[in-house]
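Note that the structure is a prediction, hence the values are computed from the model and not measured. Chain letters run A, B, ... following the sequence lines, proteins first and then strands; every chain starts at 1.
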There are 2 protein chains.
Amino acid sequence: MIIIIIILEKRVSLAEKIRSMTRQRRMILQELQKMTTHPTADQVYDMVRKKLPRISLATVYRNLDLLAQDGLIRKLGTAGAQMRFDGNPVDHHHIRCTRCHRVDDLPAGTVMVKDKGVGERTGYRIAGLHLEYNGLCPECQTEMQKTRV
Amino acid sequence: MIIIIIILEKRVSLAEKIRSMTRQRRMILQELQKMTTHPTADQVYDMVRKKLPRISLATVYRNLDLLAQDGLIRKLGTAGAQMRFDGNPVDHHHIRCTRCHRVDDLPAGTVMVKDKGVGERTGYRIAGLHLEYNGLCPECQTEMQKTRV
DNA sequence: AAAATAATAATAATAATTATCATTATTAAT
DNA sequence: ATTAATAATGATAATTATTATTATTATTTT
Ligand SMILES: [Mn+2]
Ligand SMILES: [Mn+2]
Ligand SMILES: [Zn+2]
Ligand SMILES: [Zn+2]
């Protein structure tokens with residue numbers, strides 16, 4: 001039996017391509033991990049700038065993206081997609097294609113959400129909720145196969 | 001017992017302020033209701049333009065917003081808010097303030113999602129799901145009371 | 001140490017959305 | 001019905017978040 005131990009001190013790779021862990025990238029990750037809030041890119045920029053005053057906003061955006069790709073952080077909100085509108089105001093959920101950004105309705109009865117005391121435990125006055133699945137739509141699945149081989 | 005039937009042919013008001021149902025507004029609503037897809041603003045624009053060639057894109061945006069305010073249609077996605085980042089990649093859900101756009105974590109165990117065959121029934125290859133509550137955060141609740149009275 | 005590769009800072013470009021404002025349409029008042 | 005008051009529109013400018021570009025700097029490989 002062969003055991004391989006990989007110590008990630010200088011480099012990070014959850015995908016096949018290895019990418020170097022730069023001072024900037026590490027700092028962005030660290031600062032973000034400290035915060036319990038969910039900052040915007042420019043808020044991250046402001047935090048990181050206190051330690052690395054010469055960092056560029058573009059570097060922050062670039063690295064937030066790469067860190068999310070590597071699964072070290074998460075992006076909240078519908079990335080890179082423009083707003084979409086629904087002619088049906090009745091409550092129902094959706095599924096969104098991560099590749100072509102298409103949005104479909106989830107057939108009624110496919111999901112059940114049970115919550116207990118969300119308002120009480122968060123202090124929010126709840127107005128609604130939205131559940132969104134994401135993945136590859138049928139069309140994009142076949143498209144992907146063509147290019148992959 | 002008194003039954004009041006309101007026929008909305010010329011005006012719409014689900015809020016206190018009445019707003020006139022213009023040709024443009026009606027057409028945007030009609031076209032959107034026809035579509036089973038979830039079009040972007042410019043896709044709505046293209047559809048409506050076939051019937052009202054002189055309509056402006058700004059009018060489409062304006063009315064999509066007003067129709068959503070009146071609850072006749074829905075906006076999908078985090079309206080008017082910029083992307084937010086989460087230092088915690090472990091699966092968990094969120095609650096977002098509709099007023100100040102702040103995002104908080106939902107305490108673990110407050111919700112349970114049960115689904116059956118989402119992938120099979122939609123044809124999507126599911127990658128994940130995200131549940132987001134929305135409402136007024138504690139701070140904004142008190143802020144609102146100040147201005148209201 | 002030198003060459004090759006990758007990431008950065010600074011800045012320009014893009015694209016979606018929102019604001020402005022003169023004109024037109026709709027509603028209320030007379 | 002006319003007129004005055006109000007609201008909505010079309011055209012376009014402005015804004016804002018994000019992405020692309022590129023010369024420079026840092027890191028990795030040889
Ligand atoms: Mn829908
Ligand atoms: Mn979170
Ligand atoms: Zn797709
Ligand atoms: Zn708030």
Please list every donor-acceptor pair under 3.5 Å in which a side-chain atom of residues 72-80 of chain B meets a protein atom from a residue at least two apart or in another chain.
residue	atom	partner	partner atom	Å
B:Lys75	NZ	B:Asp65	OD1	2.4

If we ignore angles and hydrogens, is there a donor and acceptor under 3.5 Å between the side chains of B:Tyr133 and A:Asp115? yes
When rounded to whole Å, the CZ to C1' distance for the pair A:Arg23 and C:dA9 reads 13 Å
When rounded to whole Å, the CE to P distance for the pair B:Met83 and C:dT17 reads 13 Å
A:Arg26 atom CZ is separated from C:dT8 atom C1', nearest whole Å, by 15 Å
**Asked** Any side-chain N or O of A:Thr22 less than 4.0 Å from the OP1 or OP2 oxygen of C:dT8?
**Response** yes
Separation of D:dT27 atom P from A:Gln24 atom CD, nearest Å, is 8 Å
The correct set of residues in residues 36-63 of chain B placing a heavy atom under 4.0 Å from DNA chain C is B:Ala58, B:Tyr61
A:His101 atom NE2 is separated from D:dT18 atom P, nearest whole Å, by 14 Å
Rounded to whole Å, the CG-P distance (B:Asp65 to D:dT9) equals 13 Å
Donor-acceptor pairs under 3.5 Å, side chain of residues 50-63 of chain B to any protein atom, not counting sequence neighbours: which ones?
residue	atom	partner	partner atom	Å
B:Ser56	OG	B:Ala58	N	3.1
B:Asn63	OD1	B:Arg25	NH1	2.5
B:Asn63	ND2	B:Thr59	O	3.0

Taken in chain and number order and not counting sequence neighbours, the residues that satisfy side-chain contact (heavy atoms from CB on, under 4.5 Å) with B:Pro107 are A:Arg121, A:Thr122, B:Thr110
Applied to residues 24-51 of chain B, the ring pair (Phe, Tyr, Trp, His ring centres under 6.0 Å) test, sequence neighbours excluded, yields A:His94-B:His38
Taken to the nearest whole Å, CD/A:Gln69 to C1'/D:dT19 is 14 Å
Picking from D:dA8, D:dT18, C:dA16, the nucleotide nearest the side-chain atoms of B:Gln82 would be D:dT18
A:Arg19 atom CZ is separated from C:dT8 atom C1', nearest whole Å, by 15 Å
Excluding B:Met47, membership of its hydrophobic cluster (Ile, Leu, Val, Met, Phe, Trp, Tyr; side-chain heavy atoms within less than 4.5 Å) reads B:Met35
